[in-house]
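Have a look at the structure below, then the notes.
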Amino acid sequence: MNKEPCPFCGGLDLGFQVGTEDREGWPCNISCQDCGANGPWAYVKEEELERELPIIPLDLWNKRK
């Protein structure tokens, strides 16, 4: 899946943040490493955390405008 640039600074250096696991899974979101902008949070399964960028949060990031 392609990653869209940050809608604020145009940066492509994206990372992800992970919260504490609960009954829904692991809360996770994509963040811009250049300006600190954050995408919406989404729950992912533990195996998704092994990816460079988890699919569900990346999809939500790419839909932001």
Side-chain angles (χ1 to χ4, degrees):
M1 175 176 276
N2 294 332
K3 55 184 179 181
E4 296 291 323
C6 176
F8 299 102
C9 74
L12 282 173
D13 185 13
L14 305 179
F16 70 96
Q17 303 175 47
V18 180
T20 304
E21 181 184 28
D22 63 22
R23 68 175 187 250
E24 305 277 335
W26 293 88
C28 179
N29 77 342
I30 303 296
S31 62
C32 176
Q33 302 300 300
D34 294 328
C35 73
N38 295 311
W41 289 85
Y43 283 100
V44 299
K45 297 186 184 295
E46 188 170 2
E47 52 271 10
E48 275 288 302
L49 297 177
E50 296 172 8
R51 300 176 64 89
E52 179 185 355
L53 294 172
I55 292 173
I56 296 170
L58 182 58
D59 186 46
L60 292 171
W61 172 270
N62 286 342
K63 290 180 179 177
R64 292 179 20 171
K65 297 289 179 203

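Nearest heavy atom pair, residue L49 against residue F16, reads O-CZ, 3.7 Å. Taking each heavy atom of V44 and P54 in turn, the nearest pair found is CG1-CB, 4.2 Å. Shortest non-hydrogen contact noted between P7 and W61 is CD-CZ2, 4.0 Å. Of all heavy-atom pairs between I56 and A42, the closest is CG2-CB, 3.7 Å.
I55 is connected to L14 through a chain of hydrophobic side-chain contacts under 4.5 Å among Ile, Leu, Val, Met, Phe, Trp and Tyr, so both are in one cluster.
Looking at residues two or more places apart in sequence or on another chain, you find a side-chain hydrogen bond (donor to acceptor under 3.5 Å, both in side chains) between Q33 and S31. Residues satisfying the side chain to side chain contact (heavy atoms under 4.5 Å, CB included) criterion with P40, sequence neighbours excluded, are L60, R64. Partners of D13 by side-chain hydrogen bond (donor to acceptor under 3.5 Å, both in side chains), not counting sequence neighbours: none found.
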Which donor-acceptor pairs under 3.5 Å do side chains of residues 18-30 form with protein atoms, sequence neighbours excluded?
from: D22; atom 1: OD1; to: E24; atom 2: N; distance (Å): 2.9
from: D22; atom 1: OD2; to: Y43; atom 2: OH; distance (Å): 3.0
from: N29; atom 1: ND2; to: G39; atom 2: O; distance (Å): 3.0

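Between N38 atom CG and Q17 atom CD the span is 4.5 Å, to the nearest 0.5 Å.
For residues 44-59, every residue pair satisfying the side-chain hydrogen bond (donor to acceptor under 3.5 Å, both in side chains) rule, not counting sequence neighbours, is listed here: D59-K63.
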